[in-house]
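Inspection log for the structure reproduced underneath, given as structure tokens.
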2 protein chains.
Amino acid sequence: MLPQILIADDHSIVRHGLSIIIRDILPDAELFFATNFDTLLQVLAEGKLTLAICDVNMPGCNNFHMVQIMKQIQPELKIIIYSAYDENLYANRFIKAGADLYLQKEIENQVLIKAIHSVLEQRPFAATAIHEEADNGMVNPISLLSDREFEVSNLLVKGLGTSEICHTLDLGKTTVSTYKRRIYEKMGISTLPELVTIYRNYVNAII
Amino acid sequence: MLPQILIADDHSIVRHGLSIIIRDILPDAELFFATNFDTLLQVLAEGKLTLAICDVNMPGCNNFHMVQIMKQIQPELKIIIYSAYDENLYANRFIKAGADLYLQKEIENQVLIKAIHSVLEQRPFAATAIHEEADNGMVNPISLLSDREFEVSNLLVKGLGTSEICHTLDLGKTTVSTYKRRIYEKMGISTLPELVTIYRNYVNAII
DNA sequence: GCAATTTGTAGAATTAGTTCTACATATATT
DNA sequence: AATATATGTAGAACTAATTCTACAAATTGC
């Protein structure tokens, strides 16, 4: 069986780099590309994909819900989430949603290669990157948020207003306001600049 | 003369992808790599680099000050800033700091290739729409504000809302809204988080 | 010294956002 | 299993904020 691998990332350079690595280690693999969630779903519908390597921040579906949908369509699909974002922020949510592996873009190519092999061969991969929290007792306040609150919080930090968020997530505006209140409550803050500051302090990437 | 090109990015996949593209279009180029600002400075000190392609978010020096230091060490060095961040937030500051080009990672490889050629051949590259200003010193965007706008701006960054500000300064609320609009216009931004970010960058720059 | 621009200021009309309440489902606790 | 808490969601009524327009005073540019 020759593996069919989908590379989903909106950065051309990342797609290019990944495809070269994969062609190198899996010459028989058939590669597909997607730059947004719609294309991804199309590719998924068409063929029997073996593995999908996905960026977190894909236009059309920036969140872990994407993973649930993909696994629903094709449960045996292997999914590697490949992201620039801080790990303890995202990894658990993606794994919970059904991803097989969460890797940070900072990892070396050798680690990536091992990870791809492991996932394809159904071996568990102990990603060096995952769970090396030098936890000095500091609780990351962002981890207190529920999935939906987290989504709203990310959009708030990006500068979206309540109504923009409610359109983006297809929710009522009072719903978004409720999330906003709960976010502020959980974090013990009352203003957007405070939220931005918390992100600065706890997140290593701009979301 | 064979070009010596430094690729500075903390993402292995981006370094890899860039190096493949550059080897393709400039087979004679000698490539160097850096994953943090210290290594970058080391490489810069060692040889006569022609071009540096740098990620914004390099560990050790996340801001445009990096560019000033690099140009100070070697004024004829060409610098391309290659970033995932929103352009109107960062581009002008990087250009003012001495970068020759600011590109977003979303661009297609062909654009990147053209940009590299243009910069190496000292041709202006159209895609940026950013003109170099004669002004050597960096303009602090906050200094563009009038006195009243500055007062309002400071309160906004502190997290006060429009009505709180209009009580604090004893102004009508539409007046405060007008100031807010003018502040955003002058700074080329449209959201509070962007304003907060500008304040942080300004503070980082003068410290 | 006169014209052009910037600055300080708001009213009226409109749009955005919050609060309070509520309820079903999911998850955790005992 | 029973209970408690957390999560996802929103309607009705309200408050906050923006937009569009406007205009006088100060400042800048030629």
Side-chain angles (χ1 to χ4, degrees), chain A residues 61-69 71-72 89-98 139-196, chain B residues 133-135 139-196:
Chain A
C61 194
N62 304 10
N63 58 53
F64 18 80
H65 196 55
M66 166 176 83
V67 173
Q68 292 180 304
I69 295 168
K71 279 278 177 177
Q72 212 173 307
L89 247 182
Y90 279 89
N92 285 325
R93 294 179 203 271
F94 273 104
I95 298 293
K96 213 170 102 187
V139 178
N140 179 346
I142 298 169
S143 70
L144 299 173
L145 305 179
S146 76
D147 284 353
R148 219 50 166 151
E149 286 160 1
F150 183 57
E151 284 186 277
V152 170
S153 176
N154 291 161
L155 296 175
L156 284 170
V157 170
K158 267 166 104 175
L160 300 225
T162 300
S163 50
E164 288 172 301
I165 294 172
C166 88
H167 289 132
T168 303
L169 301 179
D170 197 28
L171 291 169
K173 61 181 181 160
T174 62
T175 310
V176 174
S177 276
T178 301
Y179 289 143
K180 200 172 168 184
R181 180 176 50 75
R182 287 179 185 167
I183 290 163
Y184 283 15
E185 264 171 28
K186 282 183 176 179
M187 294 193 170
I189 61 176
S190 57
T191 69
L192 184 54
E194 287 175 288
L195 186 61
V196 173
Chain B
E133 290 182 29
D135 195 3
V139 176
N140 168 5
I142 299 170
S143 71
L144 299 173
L145 306 179
S146 75
D147 287 351
R148 221 48 166 152
E149 285 161 2
F150 184 56
E151 283 185 276
V152 170
S153 178
N154 291 339
L155 297 175
L156 284 170
V157 170
K158 270 166 102 173
L160 300 227
T162 300
S163 50
E164 288 171 301
I165 294 172
C166 89
H167 289 133
T168 304
L169 301 180
D170 196 27
L171 292 168
K173 62 182 180 161
T174 63
T175 310
V176 174
S177 275
T178 300
Y179 288 142
K180 199 172 167 183
R181 179 175 51 75
R182 287 178 186 167
I183 290 163
Y184 283 14
E185 264 170 28
K186 283 184 176 179
M187 295 193 169
I189 61 176
S190 58
T191 68
L192 185 54
E194 287 174 290
L195 186 62
V196 173

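Every chain is numbered from 1, with letters handed out A, B, ... down the list of sequences. Note that these values count all heavy atoms, side chains included, but never hydrogens, waters or copies made by symmetry.
- For B/Leu171, whose side chain is taken as the heavy atoms from C-beta onward, the closest listed nucleotide among D/dT9, C/dT9, D/dT18 is C/dT9.
- The residue among B/Arg181 and A/Leu160 whose nearest nucleotide of DNA chain C lies closer to the 5′ end is B/Arg181.
- Among the protein residues, A/Thr175 comes within range of the nucleic acid bases, having at least one heavy atom under 4.0 Å from a base atom.
- Among the protein residues, A/Ser177 comes within range of the nucleic acid bases, having at least one heavy atom under 4.0 Å from a base atom.
- Rounded to whole Å, atom C1' of D/dT5 lies 14 Å from atom CD of A/Glu185.
- Protein atom CD1 of B/Ile183 is 13 Å distant from nucleotide atom C1' of C/dG8, rounded to whole Å.
- Counting to the nearest Å, the P atom of D/dT27 and the CZ atom of B/Arg148 are 15 Å from each other.
- In this structure, B/Ser163 reaches the sugar-phosphate backbone alone: every heavy-atom distance under 4.0 Å involves primed, P, OP1 or OP2 atoms, never a base.
- Annotation: of the two residues near DNA chain C, A/Glu164 and B/Thr174, the 5′-most nearest-nucleotide partner is B/Thr174.
- Separating the OH atom of A/Tyr179 from the P atom of D/dG8 is a distance of 5 Å, rounded to the nearest angstrom.
- Applying the 4.0 Å criterion to OP1 and OP2 of C/dT18, one finds that A/Lys180 has a side-chain N or O inside that range.
- Which of D/dA10, D/dT21, D/dT7 sits closest to the side chain of A/Lys186 comes down to D/dT7.
- A/Asp170 places its CG atom 16 Å from the P atom of D/dG8, with the value rounded to the nearest Å.
- Atom-to-atom, CG of B/Asp147 to C1' of C/dT7 comes out at 10 Å; the value is rounded to the nearest Å.
- The residue A/Ser146 sits close only to the backbone: its heavy atoms come under 4.0 Å of sugar-phosphate atoms, none of a base.
- Atom CG in A/Leu192 sits roughly 13 Å away from atom P in D/dA17 (whole-Å rounding).
- The main-chain N or O of A/Leu192 is found under 3.5 Å from a side-chain atom of A/Tyr184 such that the two form a donor-acceptor pair.
- The pair A/Glu151-A/Arg148 meets the salt-bridge criterion, with a side-chain N (NZ, NE, NH1 or NH2) lying under 4.0 Å from an Asp/Glu carboxylate O.
- Side-chain contact between A/Glu149 and A/Val152 is absent, with no heavy atoms from C-beta onward closer than 4.5 Å.
- None of A/Leu171, A/Asn154, A/Thr175, A/Val176 except one satisfies the side-chain contact (heavy atoms from CB on, under 4.5 Å) rule with A/Ile165; the exception is A/Val176.
- Around the NZ atom of A/Lys186, the shell of radius 6.0 Å holds more than 12 heavy atoms that belong to other residues, nucleotides or ligands.
- Following rounding to the nearest Å, A/Leu144 (CG) and C/dT27 (C1') show an atom-to-atom distance of 16 Å.
- Residue A/Thr162 is classed as a sugar-phosphate contact, given heavy-atom separations below 4.0 Å to backbone atoms only.
- For A/Arg182 and D/dA6, the shortest distance from a side-chain N or O to OP1 or OP2 is not below 4.0 Å.
- When distances are taken from the side chain of A/Lys173 to each of D/dA10, D/dC20, C/dT18, the shortest belongs to C/dT18.
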